[in-house]
Amino acid sequence: GFEKLGRVSAKRSRVEGLVMGERSHGRGHEPSFWTRSRNALSSKNLVLAVLSLGPVVVVGLGVAFLLSIRETYPACGPVSSGGSSLVCAVKGVDDVRSAFAQRRAEVATVDLSSFKPYVCSSEQAEKQVLACEALHHDNSRCSAENYFGEIHAEFPSTLGKLFVNVGANKGYVIVEILKHWAPEQGSDIYKRLVSFWTKQNIEGPRGVCPPSDFQREKAAKNQGSAAVRERATHVAYLPHWPRILGVEMMPATFASLRDAVREVGLVDDAGDFSLKLRLDQRGISNVDGDLILRTIQVGREDLGEGFFRSEQTYLRKLYLARSRGDLNATEEADRMGLTRVRMSTFETLARESFLGDEWLFMLVVDTEGNDPKVLEKALVTLVVHNTPVVVFEYHENWMSFAKGSSLRKTLGSFEDAGYECFLIGERGLWRLTGCWHDRWEFYSWSNVICLLSKLQAVQRIISKLDQAPMYA
């Protein structure tokens with residue numbers, strides 16, 4: 001056990017180095033882009049370059065730097081002999097420095113020696129849960145992305161950030177992430193995505209949760225904000241998009257999602273997803289393996305692993321008979337559209353799909369009742385990366401598809417890892433950690449967010465949105 005903890009600690013230390021823009025220089029590792037940029041920008045290295053390389057080489061390096069700035073900041077336009085390129089280059093240097101400063105602020109921690117997590121009295125806990133029930137749990141089922149704006153305000157940089165969406169479905173969570181961390185893509189991506197899914201003639205092209213009146217009013221208030229416009233202009237110059245990894249289990253939905261993100265332009269100039277947006281077709285569970293699926297309607301959002309587990313005996317028998325050449329089985333299997341889908345743990349996904357310079361910043365899970373299994377094997381990776389934000393779905397299907405699971409049990413695992421968890425509502429965050437009441441174990445579709453408690457930025461978010469103090 002101590003040996004395993006030692007390995008986790010060592011891995012965590014390496015990841016914390018990546019979070020700050022550093023990277024091991026040992027065998028098989030190279031300095032990250034950010035480390036090289038920081039070193040290149042230091043006055044010491046510039047002086048050494050001038051003294052050792054000579055004026056001619058320095059001029060060449062300057063031209064190369066301008067060219068790289070043009071690639072990194074397409075808004076700068078072509079490099080020319082005019083002053084605009086120099087201004088653009090200076091802007092690029094300033095933004096790289098700004099990105100480092102933002103990252104340091106984002107990972108700043110509270111003074112743990114004096115920090116005391118919020119704890120409700122039993123009377124306060126009961127008042128809060130009854131108030132939330134009176135609001136029909138504050139429309140939590142459709143509030144998963146309500147506070148991405150508040151999260152972005154405290155974590156604005158895109159430096160090495162990786163967002164993972166398990167259960168990507170139609171891609172609306174991906175669009176919500178881009179709306180805040182890459183607004184230069186334009187405000188019409190959501191409309192174009194809706195248009196794509198509408199053309200597919202599927203049920204619920206806007207997803208099961210189109211914006212509510214409350215959400216539309218909130219969006220309208222922010223739409224004309226000068227701060228939002230300034231933020232959009234600034235982020236457009238940042239060196240990279242955020243990195244996004246979308247994971248979808250259903251083959252037909254995955255294929256359509258891939259077509260959708262291409263049609264709305266969420267690809268790089270080469271037309272691939274290699275860095276900015278990556279899509280992975282697999283299911284995420286608590287064991288590695290596979291699952292035999294039958295074809296269902298594209299975009300359907302109410303069927304997950306648990307549903308197909310219940311009919312695996314028959315589907316596997318049919319799939320095997322088809323592979324042996326049974327004509328009747330082949331006809332039936334083809335009619336049902338049987339296919340084998342890979343299943344893996346989140347640890348396996350991270351090992352195979354995360355890039356070396358990426359910091360897992362946010363995990364969003366929506367797997368139709370399978371979330372406890374996903375989170376069970378994700379927690380080690382979350383701890384190693386010091387992941388600030390985790391959002392998951394609490395569901396009636398937990399009782400049948402993730403037997404033995406409960407919200408209290410899942411929260412306990414996160415709390416032991418240093419998280420504070422809340423039910424997400426339209427009016428704010430309803431405190432679960434430190435304010436638990438058994439009435440929260442209601443097994444109904446809703447959304448929960450867990451935030452890494454030790455970060456100063458997280459505590460500022462909590463202070464704005466926590467509903468519990470209202471019932472003290």
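Rounding to the nearest 0.5 Å gives a distance of 8.0 Å between CG of N146 and CG of N139. Interatomic distance, CZ of F196 versus CG of L193, reported as 8.0 Å (0.5 Å rounding). Note that CE of M362 and CG of L451 are 9.0 Å apart. Values are rounded to the nearest 0.5 Å. Rounded to the nearest 0.5 angstrom, L135 CG and L130 CG are separated by 11.5 Å. A distance of 4.0 Å separates CD1 of I462 from CD of E420, quoted to the nearest 0.5 Å. A distance of 11.0 Å separates CG in L257 from CZ in R262, rounded to the nearest 0.5 Å.
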>> Evaluate K179 against E145 for salt bridge (charged side-chain N to carboxylate O under 4.0 Å, His left out), listing each step before the verdict.
In response: CA-CA 11 Å; K179 185 174 79 174; E145 302 95 45; over 6 Å; no

> Where do L452 and T387 land on the side chain to side chain contact (heavy atoms under 4.5 Å, CB included) test, with the steps shown first?
Replying inline: CA-CA 7 Å; L452 191 58; T387 301; over 6 Å; no

>> Could you walk me through whether R439 and E133 satisfy the salt bridge (charged side-chain N to carboxylate O under 4.0 Å, His left out) test, starting with their C-alpha distance in whole Å, then the side-chain angles of each, then the deciding distance to 0.1 Å, before giving a yes or no?
In response: CA-CA 9 Å; R439 297 179 75 98; E133 287 178 352; 2.9 Å; yes

> Going through the checks in order, is the side chain to side chain contact (heavy atoms under 4.5 Å, CB included) test met by L423 and C132?
Replying inline: CA-CA 10 Å; L423 188 80; C132 189; 3.8 Å; yes

>> salt bridge (charged side-chain N to carboxylate O under 4.0 Å, His left out), that's the test. Do K373 and E376 meet it? Break it down for me.
In response: CA-CA 5 Å; K373 294 181 179 180; E376 175 189 344; over 6 Å; no

> What do the steps show when you test E123 against K127 for salt bridge (charged side-chain N to carboxylate O under 4.0 Å, His left out), and what is the final call?
Replying inline: CA-CA 6 Å; E123 181 181 2; K127 285 182 180 179; 3.8 Å; yes

>> Would K161 and R103 count as a side chain to side chain contact (heavy atoms under 4.5 Å, CB included) here? Give the steps.
In response: CA-CA 10 Å; K161 278 194 173 86; R103 171 53 53 84; 3.7 Å; yes

> Do D438 and W436 pass the side chain to side chain donor-acceptor pair (under 3.5 Å) test, and can you show the C-alpha distance, the side-chain angles, and the key distance before you say yes or no?
Replying inline: CA-CA 7 Å; D438 288 343; W436 178 257; 3.2 Å; yes

>> For a side chain to side chain contact (heavy atoms under 4.5 Å, CB included) check, start with the C-alpha distance between F361 and T158, then their side-chain angles and the critical distance, and finish with the verdict.
In response: CA-CA 10 Å; F361 171 73; T158 58; over 6 Å; no

>> Is there a side chain to side chain donor-acceptor pair (under 3.5 Å) between D111 and S113? Walk through the geometry before answering.
In response: CA-CA 5 Å; D111 182 357; S113 63; 2.5 Å; yes

> Could you walk me through whether T253 and E248 pass the side chain to side chain donor-acceptor pair (under 3.5 Å) check?
Replying inline: CA-CA 7 Å; T253 299; E248 174 56 41; 4.7 Å; no

>> Using the rule given for side chain to side chain donor-acceptor pair (under 3.5 Å), can you reason through S405 versus K409, listing the C-alpha separation, both sets of side-chain angles and the distance that settles it, and then say yes or no?
In response: CA-CA 7 Å; S405 299; K409 183 177 178 180; 5.9 Å; no

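Although no hydrogens or angles enter the test, the distance criterion places a donor-acceptor pair under 3.5 Å between the side chain of Q467 and the main chain of R427. Between the S140 side chain and the G425 main chain, no donor and acceptor come within less than 3.5 Å of each other. No donor-acceptor pair closer than 3.5 Å links the side chain of H437 to the backbone N or O of V129. Looking at Q312, its side chain does come within 3.5 Å of a backbone N or O of F308 through a donor-acceptor pair. In this structure, E441 contributes its side chain and R408 its backbone to a donor-acceptor pair below 3.5 Å. With hydrogens and angles ignored, the 3.5 Å screen pairs a side-chain donor or acceptor of T433 with a backbone N or O of C421. Without hydrogens or angle criteria, Q459 side chain to V110 main chain gives no donor-acceptor distance under 3.5 Å. Side-chain N or O atoms of Q128 include one that pairs as donor or acceptor with a backbone N or O of R431 at under 3.5 Å.
Considering only heavy atoms from C-beta on, N386 stays 4.5 Å or farther from T109 through its side chain. The shortest side-chain heavy-atom distance between V107 and W359 falls under the 4.5 Å cut-off. Looking only at side-chain heavy atoms (C-beta outward), V390 and L382 come within less than 4.5 Å of each other. In this structure, V391 and V389 have side chains that are in contact, with non-hydrogen atoms separated by less than 4.5 Å. Contact check for L162 versus H385: no side-chain heavy atoms found under the 4.5 Å cut-off. No side-chain heavy atom of E305 sits under 4.5 Å from any side-chain heavy atom of T367. With contacts defined as side-chain heavy-atom distances shorter than 4.5 Å, the pair F354/L360 qualifies.
Considering only residues two or more places apart in sequence or on other chains, E311 meets the salt bridge (charged side-chain N to carboxylate O under 4.0 Å, His left out) condition with R294. Every ring-ring contact (aromatic ring centres under 6.0 Å, His included) that W398 has, sequence neighbours left out, goes to Y394. Not a single ring-ring contact (aromatic ring centres under 6.0 Å, His included) links F422 to another residue, sequence neighbours left out. By the side chain to side chain contact (heavy atoms under 4.5 Å, CB included) test, I284 pairs with V166, V247, R282, S344, F346, L349, V374, sequence neighbours left out.
Of all heavy-atom pairs between W197 and N169, the closest is CZ2-O, 4.4 Å. G246 and I174 get closest at one heavy-atom pair: CA-CD1, 4.4 Å. For the residue pair D371 and E368, the shortest heavy atom distance occurs at OD1-N, 4.0 Å. Heavy atoms only, all atoms of each residue included: C450 and F392 are closest at SG-CE2, 3.9 Å. Scanning both residues, V448 and L407, for their nearest heavy atoms gives CG2-CD1, 4.1 Å. Closest approach of C435 to W440, counting heavy atoms only: O-NE1, 3.7 Å.
Side-chain contact, E426 with S143: no donor N or O sits under 3.5 Å from an acceptor N or O. Side-chain N/O atoms of T348 and T345 include a donor and acceptor closer than 3.5 Å.
Residues in residues 104-142 take part in these ring pair (Phe, Tyr, Trp, His ring centres under 6.0 Å) pairs, two or more places apart or across chains: H137-F442. Sorted pairs that involve residues 385-402 and meet salt bridge (charged side-chain N to carboxylate O under 4.0 Å, His left out), not counting sequence neighbours, are lacking altogether.
Ion pair D280/R342 not flagged as a salt bridge, since none of the NZ, NE, NH1 or NH2 atoms sits closer than 4.0 Å to an Asp/Glu carboxylate oxygen. The residues K377 and D288 are annotated as not salt-bridged, no charged nitrogen and carboxylate oxygen being separated by less than 4.0 angstrom.
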